[in-house]
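None of these values were measured; they are calculated from a predicted model. Residue numbers start from 1 in every chain, and the chains themselves are labelled A, B, ... in the order their sequence lines are given, proteins ahead of strands. Scope of the values below: all heavy atoms of this structure, side chains included, with no hydrogens, waters or symmetry mates.
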2 protein chains.
Amino acid sequence: MKKNVTISDVAEQAGVSKTTVSRYLNGRFGNMSKETKERIKEVIAEMNYRPSKQAQALKSKRSYLIGIVVADISNMYSSLLLKGIGEVLGKAGYQMIIMDAANSIEQERELLDRLIDQSVEGVILQALSRDAHHYDHLKKANIPLVLVDRDVEPSIFPLVTTDNVTATKKIAEEILSKNYEQVVVVSEPLKDVITRELRYEAVKEVVIAAKRKLTLIEATAETNLSERISELIASPLKTALFASNGRVLMELLTILVNEQVPIPEDIGITGYDDWNLSALVGPGITSIEQQTKVIGEEAANTMLECLKAGAYPVETKTIPAIIQLRKSL
Amino acid sequence: MKKNVTISDVAEQAGVSKTTVSRYLNGRFGNMSKETKERIKEVIAEMNYRPSKQAQALKSKRSYLIGIVVADISNMYSSLLLKGIGEVLGKAGYQMIIMDAANSIEQERELLDRLIDQSVEGVILQALSRDAHHYDHLKKANIPLVLVDRDVEPSIFPLVTTDNVTATKKIAEEILSKNYEQVVVVSEPLKDVITRELRYEAVKEVVIAAKRKLTLIEATAETNLSERISELIASPLKTALFASNGRVLMELLTILVNEQVPIPEDIGITGYDDWNLSALVGPGITSIEQQTKVIGEEAANTMLECLKAGAYPVETKTIPAIIQLRKSL
DNA sequence: TTGAAAGCGCTAACAG
DNA sequence: CTGTTAGCGCTTTCAA
C-alpha cells in the first residue's frame with residue numbers, strides 16, 4: 001500500500017516550496033521562471049502526482065460537486081435528464097453526485113441533507129413536494145437550487161420544464177378534431193405534483209370549451225384500470241384516453257394490447273411518452289415526446305449561471321415538446 | 001451569507017473542547033458524563049450543526065464516496081443498474097458519484113482519473129475496454145474495482161453479470177424448436193465487448209450443433225439494416241433474427257413495424273430486451289430480460305465486501321436472466 | 001472524564 | 001520571482 005504523493009513531496013523533490021507548486025497547479029505563474037515551471041512539471045509527471053480535491057475543497061470552499069436528486073431513477077425520464085445535465089456539467093469541470101429519492105418525500109429530505117454535508121455547490125432537483133417551504137433549508141444554507149420538471153408553490157426557484165400547457169392543449173385539440181365524444185384523462189393523483197394538475201387543467205380547458213365530456217381517473221396501485229377501461233369501451237360514447245405520463249401510458253397500452261382491443265377503433269389513446277417507444281406499439285401511438293435531454297442541459301446551464309452570478313435568476317425556462325402524430329386516434 | 005457552524009462553534013457554545021464534540025459525533029462516549037452528552041446534543045440541535053464530510057474525509061481517509069461509471073447513461077440498462085446500486089450503497093451510508101462515459105474509451109479514462117482525485121473509496125465500472133491493463137492505475141492507486149455487465153481479459157476483477165451463455169443458449173434452442181432454418185445474429189461489433197462475443201458464441205454453438213444456417217450481421221451506424229432485413233425476408237429460408245442487445249432489438253423492431261412485416265409469419269425475432277417493453281410490441285416479442293437491478297445490488301454488495309475485507313475476491317457473480325416466451329417466434 | 005496540540009493536503013495573505 | 005506562515009474543519013494521540 002503505497003501512500004499517496006502530496007504537494008509537499010512534489011515541492012521537496014522539485015526543491016521549491018509548496019506555495020510555488022500550488023501556484024503552478026492553479027495556473028498562477030504570474031512571473032514564475034521558466035525553469036521552475038519546467039522542473040515542477042517534470043516532477044509532477046514523474047511522481048504521478050494528483051492534487052487531492054478534498055483538501056482543495058476544504059481550503060478553497062469550492063467542491064465542484066453538484067447534487068442531483070431525481071424522483072425515481074428507474075424512470076426513463078431520469079436517464080435522459082442525467083445525460084443532458086452530465087454533458088454540460090462535465091464540460092464545465094463539475095462532478096455530479098446523483099441520488100434517487102425513490103418517490104419518497106422523507107428520503108428526498110434525507111438526501112438533500114447529505115448533499116449539503118458533502119458541500120455540494122448546487123442542487124438540481126426534481127421535486128417531490130410542491131411546497132416551496134419544504135426546501136427552505138437549502139436557501140438558508142445558501143446553496144443554489146434549480147428545479148426540473150416540476151415547480152413548487154410559490155415559484156421561488158429557477159425552473160426548467162416542458163411546455164406542458166401548450167403541448168397538452170395541442171394534443172387535446174387533436175383528439176377533438178377526430179370527433180371523440182369523451183376524453184378520459186388517466187393520471188397519477190393530481191394533488192401530489194403540479195405538472196399533473198397542469199396537464200389535466202389544459203385538457204379540461206380545451207374539452208370543456210368544445211362541450212365534450214371529460215372524465216378523470218386518478219390511478220393508484222389499487223385502481224383496477226383494466227376494469228375501468230372495459231367499461232369505457234362498453235359505453236356508447238366514442239372515447240379517447242389521455243395518459244398524463246409515460247408510466248401511465250405504458251400501463252394503459254399493456255392493458256389494451258393484452259386484451260387485444262383494436263386501436264383506435266374501439267378506443268383512442270394518446271399521452272406523454274417518456275420512453276419514446278410508442279412508435280413501435282400497436283398502430284403507432286400518437287404521443288407527446290418531451291425533450292428531456294435538452295431540459296437537462298438547460299438545467300445545468302442555469303445552475304452554472306447561478307454559480308457564476310452568485311444570485312438566483314428566478315425564471316422559468318420552458319422547453320417545447322414534440323407532438324408525434326401517429327395512428328392511435 | 002451566514003457562515004457555516006463548525007465543530008469549534010459547537011465546542012465553544014457547549015463549553016467543552018473540540019475533542020469532546022468529535023468524540024460525541026463519532027459515538028465514542030467511552031465514559032462521557034451524561035450531562036456533557038446531553039449538553040452537546042442540545043447545542044448541535046440548536047445551532048443546526050452538521051459536520052463537514054470534506055474535513056472528516058481529509059483527516060480520516062474515509063470519503064464514503066463510491067464512483068460509478070456507466071457506458072451510456074441514456075441506456076435503460078443504466079437506470080435499473082443505478083437503482084440497484086443506489087439502494088444498497090445508500091443503506092450502507094455511501095454516496096455515489098455517477099459518471100457517463102458516453103461510450104468513449106478516452107472519456108472513461110478521464111473520468112476514472114477524476115474519481116481518483118475525488119478520493120472515492122471504490123469504483124463500480126461497466127467497462128468500455130476489454131483489456132484489463134487499461135485499468136491498472138486503479139489497482140495501483142489501491143482502489144477496489146467491481147465490474148458490471150462486461151468482463152475484461154484477463155479476469156482480474158470481481159464481476160457481476162447476467163448469465164449470458166445459459167440464457168442465450170436457451171433462447172437459441174427455443175428458436176430451433178420452432179423449426180427456423182436460419183438464425184441471424186444482429187449485434188454491434190463483436191470485438192469491442194466481450195459480452196457481445198459471449199452471446200454470439202452461445203448462439204453459434206447451439207445452431208451449428210443443430211446444423212442450421214447461422215449468419216452474423218455486425219451493425220454499425222453505416223449499416224443499412226433495413227435493406228439487409230428485406231433480403232432476409234426475400235430468401236426462401238425460414239429465418240429468425242436474434243438481437244444481441246436492447247438497442248439492436250428496438251432498432252430491428254422499428255424497421256419491422258414500419259415496413260409492416262408480419263411477425264412471426266415473414267420473419268421471427270427475439271433477443272435481449274433492456275427496456276422490458278417487448279410485451280407491448282407487435283404480437284408480443286419473445287425475449288431475454290436481464291435482472292439489471294439485481295445486478296446493481298450484487299455489484300454494490302460486492303463492493304461493500306471489498307471495502308470491508310480490504311481485499312479483492314476475484315470471483316464472478318452470475319445472475320440468471322428471465323426468458324419471456326411470447327409470440328414472435 | 002476531558003483537553004491541548006499536532007496535522008490531514010491544500011491555498012493565500014504577506015513578505016521578501 | 002519565491003518562501004513563510006497561518007489556517008480550512010476535523011480526528012487523534014498523549015497527557016492530565
Side-chain angles (χ1 to χ4, degrees), chain A residues 1-41 43-44 47-65 116-121 141-142, chain B residues 1-41 43-44 47-65 116-121 141-142:
Chain A
M1 172 111 168
K2 57 182 251 191
K3 70 184 219 287
N4 264 311
V5 347
T6 78
I7 198 173
S8 301
D9 302 331
V10 174
E12 190 178 343
Q13 185 72 17
V16 297
S17 76
K18 293 195 298 179
T19 315
T20 309
V21 179
S22 172
R23 282 198 186 103
Y24 174 87
L25 291 176
N26 296 286
R28 283 204 246 289
F29 0 70
N31 25 21
M32 192 183 299
S33 74
K34 270 272 183 310
E35 300 98 57
T36 13
K37 202 150 85 181
E38 279 305 315
R39 182 99 190 84
I40 294 177
K41 189 173 171 185
V43 174
I44 286 182
M47 305 185 80
N48 212 333
Y49 167 67
R50 317 212 93 224
S52 149
K53 296 288 171 201
Q54 304 267 12
Q56 289 182 322
L58 181 57
K59 184 70 216 190
S60 61
K61 304 284 170 208
R62 309 265 350 235
S63 66
Y64 289 97
L65 253 27
I116 298 178
D117 293 348
Q118 292 287 352
S119 318
V120 295
E121 292 189 30
N142 220 288
Chain B
M1 169 110 167
K2 61 182 247 194
K3 72 183 214 292
N4 265 311
V5 346
T6 77
I7 198 173
S8 302
D9 302 330
V10 175
E12 190 176 346
Q13 186 70 18
V16 296
S17 77
K18 292 194 299 178
T19 316
T20 309
V21 179
S22 172
R23 283 199 186 101
Y24 174 88
L25 291 176
N26 296 285
R28 282 203 248 290
F29 0 73
N31 25 21
M32 192 182 298
S33 73
K34 270 273 183 309
E35 300 98 58
T36 16
K37 203 149 90 178
E38 278 306 314
R39 182 98 190 84
I40 293 176
K41 189 173 173 184
V43 174
I44 285 182
M47 303 184 83
N48 211 333
Y49 167 68
R50 317 212 93 224
S52 150
K53 294 290 173 200
Q54 304 266 12
Q56 290 182 320
L58 181 57
K59 185 70 216 186
S60 60
K61 305 285 171 206
R62 307 265 350 231
S63 66
Y64 288 96
L65 253 27
I116 297 178
D117 293 349
Q118 293 286 352
S119 319
V120 295
E121 292 189 28
N142 222 286

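One can place CG of B:Asp9 at 10 Å from P of D:dC8, the figure rounded to the nearest angstrom. D:dC10 atom C1' lies 17 Å from atom OH of B:Tyr24, rounded to whole Å. Rounding to whole angstrom units, NZ of residue B:Lys34 and P of C:dT2 are separated by 12 Å. D:dG7 atom C1' lies 16 Å from atom CD of B:Gln54, rounded to whole Å. Taking atom CG of A:Asp117 as the reference point, atom P of D:dG9 lies 15 Å away to the nearest angstrom. If you take CZ of A:Arg39 and P of D:dG3, they are 13 Å apart, rounded to a whole angstrom. Across the protein-nucleic acid pair, A:Ile40 atom CD1 and D:dC1 atom P stand 14 Å apart, rounded to whole Å.
Two residues are said to be in side-chain contact when any heavy atoms from C-beta on lie closer than 4.5 Å; B:Val16 and B:Arg39 fail this criterion. Annotation: side chain of A:Asp9 is in contact with side chain of A:Thr6 (closest heavy-atom distance under 4.5 Å). Counting heavy atoms from C-beta on, the side chains of A:Leu65 and B:Gln118 come closer than 4.5 Å. A heavy-atom distance below 4.5 Å is found between the side chains of A:Tyr64 and A:Glu121.
Looking only at distances, a side-chain donor or acceptor of B:Ser60 sits under 3.5 Å from a matching main-chain atom of B:Gln56.
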* **Under 4.0 Å protein heavy-atom contacts per nucleotide of nucleotides 7-16 of chain C, with B for base, S for backbone only and - for none** => BBBBBBBB--
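Interatomic distance, B:Lys37 NZ to B:Thr20 OG1, rounded to the nearest 0.5 Å: 13.0 Å.
A close approach under 4.0 Å does not occur between any side-chain nitrogen or oxygen of B:Ser17 and OP1 or OP2 of C:dA4.
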